[in-house]
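Working notes, structure below.
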Protein chains: 2
Amino acid sequence: MNATEILKLHEIKKTPGRIAIINALVNYNQPLSENEIKAEMQEMYDRITFYRNVQALTQAGIIHKIVIDNTTVKYGINHCDHGHQHQNEHAHFFCEQCHSVVCLEEVKIPEYNLPSGYKCTESDIIIKGKCKKCNQ
Amino acid sequence: MNATEILKLHEIKKTPGRIAIINALVNYNQPLSENEIKAEMQEMYDRITFYRNVQALTQAGIIHKIVIDNTTVKYGINHCDHGHQHQNEHAHFFCEQCHSVVCLEEVKIPEYNLPSGYKCTESDIIIKGKCKKCNQ
DNA sequence: ATACAAATGAAACAATGTTGCAAATATAAA
DNA sequence: TTTATATTTGCAACATTGTTTCATTTGTAT
Ligand SMILES: [Mn+2]
Ligand SMILES: [Mn+2]
Ligand SMILES: [Zn+2]
Ligand SMILES: [Zn+2]
């Protein structure tokens, strides 16, 4: 499924900026940062439009935002093409050496035993270390 | 144990700014943001010194930094007074209504089953939802 | 082709965090 | 108590990340 089809399926407008973001994520096949996507977009990149587009793509359920720490954010394509909002919740791995991020689809987010009175709506797991390539 | 004793124990210099940060965290008995600590410090707060001090206190093992998302950071006092670096790893809860953070000391960080080749050095769990007070 | 809602891009702003450097201060030794 | 020195402070200046307003442009359905 290409960018045009993805946008149509999720009922948001097809624009060059959105297509470029989706293509970057699909081609690299891993989550990318703003700067990494910017490098792919070249002269057509505009910062304000970029932020609005990642917000729109996130809301539409096409991509997900991965916050590694207060200064590192990556965006990953959603592979749950089944329906709309069915974001399959998984952990993320961050390599401290090469700064790549991997969606660990097989590491699911569990239910936690919270103290009484606390209710969970969402949770995030960030695992930091050294990735496969960097360990070779 | 008061701020002066904590600083001496961890062998870093006793300064008014560091004492104020420690006192704020101890008095509130929960993790606080820069602005929340700033409010406690009043006129003696200086932004640059604050950042350098939280870095020094973190390195010394006196406090820990809790990154909720790319725009929300809190600092919590370490209760593992036993030795120096023995940060007992636990999950953190963030209330989306009142924005308070709670150290869930009883929710330990587990070992995850990573794909072969990946090595973990550290991991973070952020659980978001509604806290006890906000659920009443 | 037209109409209209949605998206874009410029300017201006806000929040968060860092670096270089001279002055001030905490602490240990004399 | 005074002195010496490494550490810390606070200012200025800067970098990065993200948001808001508003006029213009563009995508899409009719
Ligand atoms: Mn992912
Ligand atoms: Mn904690
Ligand atoms: Zn790596
Ligand atoms: Zn709450």
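Sequence lines set the chain letters: A, B, ... in the order given, protein chains first and strands last, and positions in each chain run from 1.
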Figure out the [atom1]/[atom2] separation between [X] and [N], and round it to whole Å.
X: Ile37(A); N: dT17(D); atom1: CD1; atom2: P; result: 13 Å
X: Leu57(B); N: dT8(D); atom1: CG; atom2: C1'; result: 13 Å
X: Gln59(B); N: dT7(D); atom1: CD; atom2: P; result: 13 Å
X: Ile12(A); N: dA7(C); atom1: CD1; atom2: P; result: 7 Å
X: Ile48(A); N: dA14(C); atom1: CD1; atom2: P; result: 16 Å
X: Phe50(B); N: dA15(C); atom1: CZ; atom2: P; result: 16 Å
X: Leu7(A); N: dA6(C); atom1: CG; atom2: C1'; result: 14 Å
X: Met41(B); N: dG10(D); atom1: CE; atom2: P; result: 9 Å

| message | Between dG18(D) and Arg47(A), counting only base atoms on the nucleotide and side-chain atoms on the residue, is there a donor-acceptor pair under 3.5 Å? | response |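 Yes, a donor-acceptor pair under 3.5 Å.
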- Check whether the side chain of Arg52(B) and the base of dG10(D) form a donor-acceptor pair under 3.5 Å.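 Checked by distance alone, the answer is yes.
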### Task
Classify the ring geometry between Tyr118(A) and Phe93(B) as parallel (under 30°), tilted (30 to 60°) or perpendicular (over 60°).
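Ring orientation of Tyr118(A) relative to Phe93(B): perpendicular.
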Q.
Tell me whether the rings of His99(A) and Phe94(A) are parallel (<30°), tilted (30 to 60°) or perpendicular (>60°).
A.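 If you compare the ring of His99(A) with that of Phe94(A), the planes turn out parallel.
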Check your understanding: Which residue lies toward the 5' end of DNA chain C, Gln55(B) or Pro16(B), if each is placed at its nearest nucleotide?
Key ->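 Final value for this comparison: Gln55(B).
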Practice problem: Map Asp46(B) and Asn70(B) onto DNA chain D by nearest heavy atom, then report which one ends up closer to the 5' terminus. | Solution: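 Result of the comparison: Asp46(B).
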I want to check something: taking the side chain as every heavy atom from C-beta on, are His92(B) and Ile127(B) in contact at a cut-off of under 4.5 Å?
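Sidechains of Ile127(B) and His92(B): no contact.
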Margin query: Measuring from the side chain of Glu34(B) (C-beta onward, heavy atoms only), which nucleotide among dT17(D), dG17(C), dG10(D) has the closest atom?
Written below: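 From the listed options, dG17(C) comes nearest.
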query = For the side chain of Asn53(B), counting heavy atoms from C-beta on, which of dT8(C), dT9(D), dT27(C) is nearest?
reply =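 Looking only at side-chain atoms, Asn53(B) lies closest to dT9(D).
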Please determine whether salt bridge (Lys or Arg N to Asp or Glu O under 4.0 Å) holds for the pair Lys65(A) and Asp69(B), giving the CA-CA distance in whole Å, both sets of side-chain angles, and the decisive distance to 0.1 Å.
CA-CA 10 Å; Lys65(A) 182 179 176 179; Asp69(B) 59 40; over 6 Å; no
Are any of [X]'s side-chain N or O atoms less than 4.0 Å away from OP1 or OP2 of [N]?
X: Arg18(B); N: dT8(D); result: yes
X: Tyr51(A); N: dG18(D); result: yes
X: Thr15(B); N: dA26(C); result: no

Check: Ser33(A) main-chain N/O paired with Glu36(A) side-chain donor or acceptor under 3.5 Å
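Side chain of Glu36(A) to backbone of Ser33(A): a pair is present.
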Check your understanding: So what does Lys13(B) hit on the nucleic acid, given a heavy-atom distance under 4.0 Å: a base, only sugar-phosphate, or nothing?
Key ->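 Counting heavy atoms under 4.0 Å across all strands, the contact made by Lys13(B) includes a base.
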